[in-house]
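For clarity, every value in this text was computed on a predicted model and none was experimentally measured. Every chain is numbered from 1, with letters handed out A, B, ... down the list of sequences.
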Protein chains: 2
Amino acid sequence: MKIDPKSPADLSAQIAAAIRDAIVEGRLIVDQRLPSEAELAEQFNVSRPTVREALKRLAAQSLIRTQRGATGGAFVNRLSFPDAYDQQITTSTLLLSMNAVSFETACEARYALERACAPLSAMRRSADHLATMRAEIHRQGQPGLTDEAFCASDVAFHRALVDGAGNPVLSYQLAGAVEAMQPLMNMITFTARDRARIIALHENIANAAEACDGDGVTQGLTALEAETQSLAQAVFKARAAR
Amino acid sequence: MKIDPKSPADLSAQIAAAIRDAIVEGRLIVDQRLPSEAELAEQFNVSRPTVREALKRLAAQSLIRTQRGATGGAFVNRLSFPDAYDQQITTSTLLLSMNAVSFETACEARYALERACAPLSAMRRSADHLATMRAEIHRQGQPGLTDEAFCASDVAFHRALVDGAGNPVLSYQLAGAVEAMQPLMNMITFTARDRARIIALHENIANAAEACDGDGVTQGLTALEAETQSLAQAVFKARAAR
DNA sequence: GCGAATTTAATGTCAGACAATTAAAGTTCT
DNA sequence: AGAACTTTAATTGTCTGACATTAAATTCGC
């Protein structure tokens, strides 16, 4: 692993890139210990703070973990699904909020992705997933629920649907899309009548899932998307007129 | 913004989290300048190297950018789609390689997601997208192409299909799934006959896209998935027997 | 043998310095 | 007055050396 001390880029960025490449290409494997900071500093011909900055960059991406003490050091970290979820959610959330992505675009993407796992979920969902969906529907019907709590329950409902597909890669990809929508969804206020309609659509979806009817779930999602879009349009229109 | 100096977590991690929260919650907005390292050090009551480690963590996630010079400093960075793509691709790639995700699972997820944007792409794809798809199909038919080049062209083909949906959020989500599959795909060797079959399926998809036939694209993708899965199974079986 | 104290090797943090970079202010020449 | 050049100031990038903290390994006492 070599770096170019004359490059305009920061040394710590170069070092981080070099180590990252080694991990991605498999030259450093999971749980393998990296040389100590002092050794790395010598290898790359830089000072220890510079090495440390590089290691912090990698730690921020969950590529390494560090441990103190005699046998401590930096170890290549096994990137877990939960870690990846978290990263994806913050990235997606910021991406949407910083790039003025319209509600329409985000919503379209979210439901398109969700429909992608509808057939699989209808086929494979466990009783547990179904129970979660039913429970969230029930929660959504309770009076006195804040808009935020309603949205959170909505996310949990869809999360159960997605997880029902039994494909962790799908769940991981969808987590970002669904969760990142939440700030946008929270901008909407739901009247009691709005909620009733959404709950009815949720019930259709749960029923289709119970019947292992993939097409039914897909259609239910399409109907829910249409409802959500028109609801959002109405809200934004009213807000613009004010 | 406050941190707890008695917490077991690293100070630099706490500081990074505090600043990250401020960005996510909108208390720091895009292009806003953060206080200088020296000022941050004073605010948080830590030394400058500690602050720097925190800032490097944020820089690694593209949340801030730094500039040297008199009016320099750290600025809240607008997370661009290309930046997000890159992060997603490395994360997805590592996730698959480090968690022993089976080819089958990854492949299923990839095609499910891709089918999600098939109808949209059939409806909206520009002549440009179609031309790219045709060009990649042509490249795939050329003799002497290495397996890696064939796979790269495959990715480009699917990329054009996905981008055809005209939804940047979808493109972003799919980039990870498609690109992360490449290392897995590269494990497969394609005979001339295999390639011919895949090219024929690609042509079906391109034709359906040209005819704005969403169902046709969907079916084409399903057929391609089946072909890919059986091909992979054969390869892995042969390899296991060896 | 076994438990407690010690050693040791690592990361975490600090302080202070200098180098490099860049924009703005100031200065000089025309 | 204005343009080109120089200086200055602010800021990040890097280095050196030190000390604190942690946790495993080792040694010592019994």
Side-chain angles (χ1 to χ4, degrees), chain A residues 1-20 23 28 30-78, chain B residues 1-20 23 28 31-77:
Chain A
M1 287 194 293
K2 285 279 161 61
I3 58 170
D4 170 16
K6 270 172 243 137
S7 155
D10 294 357
L11 292 177
S12 71
Q14 289 182 61
I15 294 169
I19 297 176
R20 176 163 43 243
I23 294 174
L28 290 171
V30 166
D31 291 336
Q32 186 173 337
R33 184 179 174 281
L34 272 66
S36 73
E37 294 175 352
E39 284 168 330
L40 285 172
E42 201 177 355
Q43 274 186 37
F44 286 112
N45 235 296
V46 298
S47 68
R48 193 158 80 99
T50 302
V51 167
R52 281 182 62 79
E53 287 178 11
L55 294 180
K56 294 312 165 201
R57 294 177 115 110
L58 298 173
Q61 298 178 291
S62 307
L63 291 183
I64 62 168
R65 61 177 187 278
T66 54
Q67 217 177 354
R68 296 173 69 163
T71 59
F75 297 82
V76 178
N77 193 37
R78 159 165 278 124
Chain B
M1 287 194 294
K2 287 278 162 60
I3 58 171
D4 169 18
K6 269 173 246 139
S7 153
D10 294 357
L11 292 177
S12 72
Q14 288 182 62
I15 293 169
I19 298 176
R20 176 163 41 242
I23 294 174
L28 290 171
D31 291 336
Q32 187 173 338
R33 183 179 176 281
L34 272 68
S36 72
E37 294 175 354
E39 285 168 330
L40 285 173
E42 202 177 354
Q43 273 186 38
F44 286 111
N45 234 295
V46 299
S47 66
R48 214 183 121 214
T50 303
V51 168
R52 282 182 61 79
E53 286 177 11
L55 294 180
K56 295 312 164 200
R57 295 176 115 110
L58 298 173
Q61 298 177 287
S62 306
L63 291 182
I64 61 168
R65 60 177 187 278
T66 54
Q67 217 177 354
R68 295 172 71 165
T71 59
F75 298 82
V76 178
N77 193 39

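- Exactly one of B/L58, B/L63, B/L34 qualifies for a side-chain contact (heavy atoms from CB on, under 4.5 Å) with B/V76. That residue is B/L34.
- Between A/I64 atom CD1 and A/R20 atom CZ the span is 10.5 Å, to the nearest 0.5 Å.
- Shown for residues 33-40 of chain B: residues whose heavy atoms fall under 4.0 angstrom of DNA chain D, namely B/R33, B/S36, B/E37.
- Interatomic distance, B/Q67 CD to B/F75 CZ, rounded to the nearest 0.5 Å: 5.5 Å.
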Return all side-chain donor-acceptor pairs below 3.5 angstrom for residues 43-50 of chain A, not counting sequence neighbours, or 'none' if the list is empty.
{"residue": "A/S47", "atom": "OG", "partner": "A/T50", "partner atom": "OG1", "Å": "3.3"}
{"residue": "A/R48", "atom": "NH1", "partner": "A/E37", "partner atom": "OE1", "Å": "2.4"}

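- Note: A/D10 CG to A/E53 CD = 8.0 Å, rounded to the nearest 0.5 Å.
- Across the protein-nucleic acid pair, B/F75 atom CZ and D/dT11 atom C1' stand 10 Å apart, rounded to whole Å.
- Applying the salt bridge (charged side-chain N to carboxylate O under 4.0 Å, His left out) rule to A/R68 yields no partners; only residues at least two apart in sequence or on another chain are considered.
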Identify the pairs formed between an N or O of the protein and an N or O of nucleotides 2-5 of chain C at a distance under 3.5 Å, and give each distance.
none

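- Here CZ of A/R52 is found 12.0 Å from CG of A/L40. Values are rounded to the nearest 0.5 Å.
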Show your reasoning for whether side chain to side chain contact (heavy atoms under 4.5 Å, CB included) applies to B/I19 and B/Q14. CA-CA 9 Å; B/I19 298 176; B/Q14 288 182 62; over 6 Å; no

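- Applying the 6.0 Å contact sphere to CD of B/E42 captures no more than 12 heavy atoms from other residues, nucleotides or ligands.
- Less than 4.0 Å separates DNA chain D from at least one heavy atom of each of the following residues of residues 44-53 of chain B: B/R48, B/R52.
- When atom types are taken as modelled, the side chain of A/N77 and the backbone of A/S62 share a donor-acceptor pair closer than 3.5 angstrom.
- Against DNA chain C, the stretch residues 59-70 of chain B makes heavy-atom approaches under 4.0 Å through B/R68, B/G69, B/A70.
- Here B/R57 contributes atom CZ and B/S12 contributes atom OG; the two are 4.0 Å apart, rounded to the nearest 0.5 Å.
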